[in-house]
Amino acid sequence: MTNHRRLLIGCVADDFTGATDVAGIFAKSGMKTTVLIDVPEGGLSIDADVVVIALKTRTAPPSEAVRQSLAALRWLRDRGSERIYFKYCSTFDSTANGNIGPVIDAMLEELDSGFTIACPAFPANGRTIYKGNLFVGDVPLNESGMKQHPLTPMTDSNLVRVLSPQTRHKVTACYRDTVSAGVGEVRAWADKTRADGFGVAIVDAIADEDLEVVAQAFADTPLLTGASGLALGLATVLFKDRPTSQSKPEFASTHGSRAVVSGSCSVATNGQVAAMLRGHEGFKVDVASLAAGEDVVSAALGWAADRLGRKPILFYATANPEEVKANQSSFGIGKAGEMVESALARIAGSLVDLGVSELIVAGGETSGAVVKHLGINQLDIGNEIAPGVPWVSAPLRSGQLWLALKSGNFGGREFFVDAWDKIR
Ligand code: ADP
């Protein structure tokens, strides 16, 4: 293992779309940024300012999420990273058991630290925090589409209440009045809060300027946690005077085929699927057929055979909340999710073998399944398509693969139709 430069930030992301999202932010700030899929085994030559380790731990059993997250943290610290950033979703996707709380607890202990902040605000995508409550656009989290998420339904917008049952630490909230009073006020507030025995603070932020104040106030805290908004604040604070060292991966025109594979059931993705189907062909992956043992993957590939080309085609399990609920009650929540992820991953793998070299994957868990199935272990960051979604590139034996890993709620309605123009 050779390191050409010291890591300025080591980031652990709990899903793959989140990893490319946050890596896109650091890359845009001019830092040389690489995404590694899982903790690397064996020697690896890396030359980066920021390394993001992408894990698929959001819905793993908490003990497994902790084990993998600590392995990632140790790997990053061994490469000299003094700052650790734990990246989770801007809608704070988690369950009563975790995994945000358990991972924070384990990381704090490993870093011999007793305090961190949790600030998932991402104003560019409409995620803001006020008085400890997370908003998605104009509505509280629990009134957004996230209340019906297939795996991590979010039914409370108050993040102190959401996080408290997940962590050993006492949780409190730092309100906007303190944040808008400036860095000194926030630091004084944090000193008092620590002295009062609190271990995690949810911090309000409704605009990028708030996140810069928060990042500056806590820049020297060994662990920071949040979504991409705080990462942007941190990049602004830490990197504004540094020369750019990021170079975009070369666009070698792939001339290959294009496809979209969608396993996200978010409101945004349902809209994007409907928009794409207006002018493009799509194959619906039916959960009942998968459960009945039908060879849905072969059927999908047979359907694709004479349709593959530069005009993108769509494979989707994306469904409305009623259909998702019906599948979950027939087959179980975990089982339904796994069947879909596995089928979409196998479809994506075969599509690449058949010459697809530009691929959009929608859904965090879905992206994790696809990227793992493709055996990719490193991603370079390319152009931004929409806030939170860059094109990324991976070298495969068959040549260069361009991927866009789209988190469920991100992207405009025409994302699946327009994203291709942004590769260059
Ligand atoms: P998002 O980024 O929107 O959260 P994910 O891919 O992380 O999307 O999660 C969506 C989950 O829902 C996945 O586990 C996926 O396999 C599952 N899923 C997709 N389609 C269906 C369906 N029709 N019925 C039940 N579960 C589904």
Side-chain angles (χ1 to χ4, degrees), residues 13-22 54-60 65 87-95 99-100 120 122 125 127 136 141 144-154 227-228 260-274 282-292 296-297 300 314-348 360-373 386 388-389 403-411 415-416:
D14 72 347
D15 85 339
F16 288 23
T17 51
T20 61
D21 168 6
V22 74
L55 302 177
K56 191 175 184 302
T57 48
R58 184 168 297 168
T59 56
K87 158 74 175 71
Y88 40 77
C89 191
S90 58
T91 40
F92 214 66
D93 300 16
S94 53
T95 68
N99 288 325
I100 295 175
F122 191 7
N125 270 329
R127 275 57 158 175
V136 177
L141 176 65
S144 76
M146 281 306 296
K147 67 174 184 252
Q148 286 167 318
H149 189 278
L151 306 176
T152 50
M154 301 304 291
S228 291
V260 178
V261 169
S262 179
S264 158
C265 297
S266 70
V267 175
T269 307
N270 269 285
Q272 289 155 350
V273 164
F283 182 96
K284 170 119 192 206
V285 172
D286 179 53
V287 182
S289 307
L290 287 172
V296 176
V297 174
L314 169 68
F315 300 82
Y316 64 107
T318 303
N320 61 39
E322 294 72 44
E323 195 178 326
V324 172
K325 262 213 176 71
N327 287 332
Q328 292 183 330
S329 54
S330 302
F331 314 116
I333 295 177
K335 181 78 183 141
E338 272 165 36
M339 285 190 302
V340 170
E341 287 176 35
S342 158
L344 293 179
R346 284 178 287 140
I347 289 171
I360 296 174
V361 186
E365 298 294 327
T366 310
S367 294
V370 167
V371 169
K372 284 196 175 200
H373 184 82
V389 201
L403 272 171
L405 308 179
K406 190 196 79 77
S407 170
N409 285 302
F410 287 0
F415 184 96
F416 294 157

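None of the values given here were measured: they were computed from a predicted structure. Indexing begins at 1, ligand by ligand and atom by atom, following the structure's order.
When only interatomic distances are considered, the shortest N/O to N/O separation between Glu341 and ligand 1 falls below 3.5 Å. Between Glu323 and ligand 1, no pair of N/O atoms sits closer than 3.5 Å. No N or O atom of Val324 sits closer than 3.5 Å to an N or O atom of ligand 1. Between Gly364 and ligand 1, at least one N/O pair is under 3.5 Å apart. By the 3.5 Å distance cut-off applied to N or O atoms, Asn327 is counted among the residues near ligand 1. Between Thr318 and ligand 1, a contact under 3.5 Å exists for no N or O pair.
In the vicinity of Glu365, heavy-atom distances shorter than 4.0 Å reach the ligand 1 atoms 5 (P), 6 (O), 7 (O). Of all the atoms in ligand 1, the ones that sit under 4.0 Å from a non-hydrogen atom of Pro150 are 12 (O). Of all atoms in ligand 1, listed by their number and element, those nearer than 4.0 Å to a heavy atom of Val287 are 22 (C), 23 (N), 24 (N). Taking every heavy atom of Thr366 and a limit of under 4.0 angstrom, the matching atoms of ligand 1 come to 6 (O). Listed by number with element, the atoms of ligand 1 under 4.0 Å from a non-hydrogen atom of Gly408 are 1 (P), 2 (O), 3 (O). Listed by number with element, the atoms of ligand 1 under 4.0 Å from a non-hydrogen atom of Ala317 are 20 (N), 21 (C), 22 (C), 23 (N).
If you check which protein heavy atom lies closest to atom 16 (O) of ligand 1, you get Gly337 O, 2.9 Å. Summary of contacts: the protein heavy atom closest to atom 8 (O) of ligand 1 is Gly363 CA, 3.3 Å. Of the protein's non-hydrogen atoms, Ser264 OG, 2.7 Å is the one closest to atom 3 (O) of ligand 1.
In Ala319, the part holding a heavy atom less than 4.0 Å from any atom of ligand 1 is the side chain. Contact annotation: for Thr152 versus ligand 1, there are no heavy atoms closer than 4.0 Å.
When all heavy atoms are compared, the tightest approach of Cys265 to Thr318 is SG-CA, 4.1 Å. Closest approach of Ala386 and Gly411 over heavy atoms only: CB-CA, 4.2 Å. Taking each heavy atom of Phe410 and Gln272 in turn, the nearest pair found is O-NE2, 3.0 Å. Here the shortest heavy-atom pairing between Leu290 and Ala343 reads CD2-CB, 3.7 Å.
Put simply, the side chain of Asn409 reaches to within 4.5 Å of the side chain of Arg127, judged on heavy atoms. Residues Thr20 and Val389 are not in side-chain contact: their nearest non-hydrogen atoms beyond the backbone lie 4.5 Å or more apart.
Checked by atom type, the side-chain pair Ser266/Ser264 shows a donor-acceptor distance below 3.5 Å.
Just one of Thr269, Asp21, Thr366 meets the side-chain hydrogen bond (donor to acceptor under 3.5 Å, both in side chains) condition when paired with Lys406; it is Thr269. If you run side-chain hydrogen bond (donor to acceptor under 3.5 Å, both in side chains) between Glu341 and each of Lys372, Lys56, Arg346, His373, only Lys56 comes through.
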For this session: Kindly determine whether Asp14 and Lys87 satisfy side-chain contact (heavy atoms from CB on, under 4.5 Å), including the steps that lead there.
Result: CA-CA 6 Å; Asp14 72 347; Lys87 158 74 175 71; 5.6 Å; no
Problem set entry | Verdict with reasoning, Val285 to Tyr316, per side-chain contact (heavy atoms from CB on, under 4.5 Å) | CA-CA 6 Å; Val285 172; Tyr316 64 107; over 6 Å; no
For this session: Might you work through the side-chain contact (heavy atoms from CB on, under 4.5 Å) test for Thr152 and Met146, ending with a clear yes or no?
Result: CA-CA 8 Å; Thr152 50; Met146 281 306 296; 4.3 Å; yes
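For His149, the closest heavy-atom approach to ligand 1 falls below 4.0 Å.
When the options Gly18, Gly263, Gly332 are ranked by their closest heavy atom to atom 11 (C) of ligand 1, first place goes to Gly263.
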